[in-house]
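Have a look at the structure below, then the notes.
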Amino acid sequence: MQSTFASLFSSFQQNADSAHSAQSLNAFLQKVVESSVKIETCLEPSDHGIQLTATITSMFQTPFPNVNCSITFESEGIRWSSLSASQQTLSGQVQGSQSLFEAPGPILPLCQHIEKLQIKTEEPVQCDARIRLEFPGPMPHSTIPIEHAFGIYVIDQLPKSISTEQPSGDAVHYREYPANALRLLMQIPPHQGLTPGLCIALQLSHLQGPKITCRIEGFSDDLTIARIGFYAHSDAVLDILELVVRELDKLNK
């Protein structure tokens with residue numbers, strides 16, 4: 001890919017001064033890379049924090065050598081480690097790969113590079129994060145960067161399960177959300193029907209016991225909107241409950 005960028009740069013130089021040519025080519029290549037490389041992220045709770053799956057899809061016909069990848073969090077006290085890395089071609093062939101987050105490496109043509117990272121926090125946090133890829137540029141020591149921003153939400157860090165235990169007392173909050181969004185956000189399996197009285201327990205592992213219960217209280221006439229009650233099993237979870245409700249409000253706007 002370095003030679004491809006270099007040949008394009010040489011062509012530009014024939015028709016413009018070097019400074020203007022370099023600036024024009026960098027802008028052009030930036031658009032090419034942004035339109036041909038996509039970054040997607042998926043977060044889910046795990047026994048040791050959060051598992052992040054980052055998928056980098058390259059639609060280029062040629063490989064990228066020495067791609068550098070980094071991740072940053074806008075919050076202190078967050079640690080991460082690489083769990084696995086693999087590359088899958090669009091034809092379905094899978095092979096192991098080194099982690100681009102640990103050392104620069106290649107991305108194959110027409111493939112998906114899939115990284116799994118373990119993100120560790122002392123307690124559930126809410127923050128913005130960013131993945132940055134740097135591709136080799138047309139000149140020595142130059143790079144073409146692209147970035148992907150995503151949010152780490154408290155709701156992603158809480159293990160969820162269907163509970164047969166009905167909450168006692170009054171709900172702290174009542175909300176109305178689309179039923180399909182509720183199923184997705186609460187990770188309710190497809191075979192589980194959504195019915196009044198269904199309870200989803202959100203476990204706060206760092207507290208080892210207290211939890212939040214979300215109960216379906218009812219539905220709209222057309223069954224598309226679910227009315228949810230949020231219950232705290234102890235005062236220790238009230239702050240987290242408030243964060244969860246604010247996040248769900250934001251995600252369902």
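Here the structure is a predicted model, which is why all the values come from computation and not from measurement. Just so it is clear, the values below take in all heavy atoms, side chains as well, and ignore hydrogens, waters and symmetry mates.
Of the possible polar contacts, one joining the Thr121 side chain to the Glu123 backbone as a donor-acceptor pair under 3.5 Å is found. Side chain of Asp156 to backbone of Ile152: no donor-acceptor contact under 3.5 angstrom is found. Between the side chain of Ser36 and the backbone N or O of Val33, no donor-acceptor pair lies under 3.5 Å. One N or O on the side chain of Glu115 and one on the backbone of Leu100 form a donor-acceptor pair closer than 3.5 Å. Between the side chain of Ser220 and the backbone N or O of Ile225 there is at least one donor-acceptor pair closer than 3.5 Å. Put simply, the side chain of Glu34 never gets that close to the backbone of Ile146: no donor and acceptor are under 3.5 Å apart.
Of the inter-residue distances, the one linking Phe230 atom CZ with Leu202 atom CG reads 8.0 Å to the nearest 0.5 angstrom. To the nearest 0.5 angstrom, Leu185 atom CG is 10.0 Å from Glu247 atom CD. Atoms CD1 and CD1, on Ile107 and Ile56 in that order, are 5.0 Å from each other to the nearest 0.5 Å. Annotation: the span from Glu165 atom CD to Thr213 atom OG1 amounts to 6.5 Å, rounded to 0.5 Å.
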**Request:** May I have the step-by-step check of side chain to side chain donor-acceptor pair (under 3.5 Å) for Lys116 and Ser84, ending in yes or no?
**Result:** CA-CA 5 Å; Lys116 293 186 182 296; Ser84 66; 5.9 Å; no

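Checked by atom type, the side-chain pair Glu102/Gln98 shows no donor-acceptor distance below 3.5 Å. Side-chain contact annotation: Thr41 with His148, donor-acceptor N/O pair under 3.5 Å present. Residues His113 and Ser58 bring no donor and acceptor atom of their side chains to less than 3.5 Å of each other. Side-chain contact check for Thr57 and Gln112: at least one donor-acceptor pair (N or O, by modelled atom type) lies under 3.5 Å. With hydrogens and angles left out, the side-chain atoms of Gln203 and Ser161 include no donor and acceptor closer than 3.5 Å.
Ile240 and Leu251 fall within the same hydrophobic cluster, defined by Ile, Leu, Val, Met, Phe, Trp and Tyr side-chain heavy atoms under 4.5 Å apart, directly or through other members. Transitive grouping of hydrophobic side chains (ILVMFWY, heavy atoms separated by less than 4.5 Å) keeps Ile114 and Leu83 in distinct clusters. Hydrophobic cluster membership differs between Val237 and Tyr231, with clusters built from Ile, Leu, Val, Met, Phe, Trp and Tyr side chains linked at under 4.5 angstrom.
Using a 4.0 Å cut-off between charged side-chain N and carboxylate O, Glu134 and Arg132 make a salt bridge. The pair Glu44-Lys160 does not count as a salt bridge, with every side-chain nitrogen at least 4.0 angstrom from each carboxylate oxygen.
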Please output the side-chain donor-acceptor pairs of residues 168-178 that fall under 3.5 Å, not counting sequence neighbours, one pair per line with the distance.
unit_1: His173; atom_1: NE2; unit_2: Glu242; atom_2: OE1; d: 3.1
unit_1: His173; atom_1: NE2; unit_2: Glu242; atom_2: OE2; d: 2.9
unit_1: Arg175; atom_1: NE; unit_2: Asp249; atom_2: OD1; d: 3.0
unit_1: Arg175; atom_1: NE; unit_2: Asp249; atom_2: OD2; d: 3.0
unit_1: Arg175; atom_1: NH2; unit_2: Asp249; atom_2: OD2; d: 3.2
unit_1: Tyr177; atom_1: OH; unit_2: Asp249; atom_2: OD1; d: 2.7

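A search for salt bridge (Lys or Arg N to Asp or Glu O under 4.0 Å) contacts involving Glu217 returns Arg215, not counting sequence neighbours.
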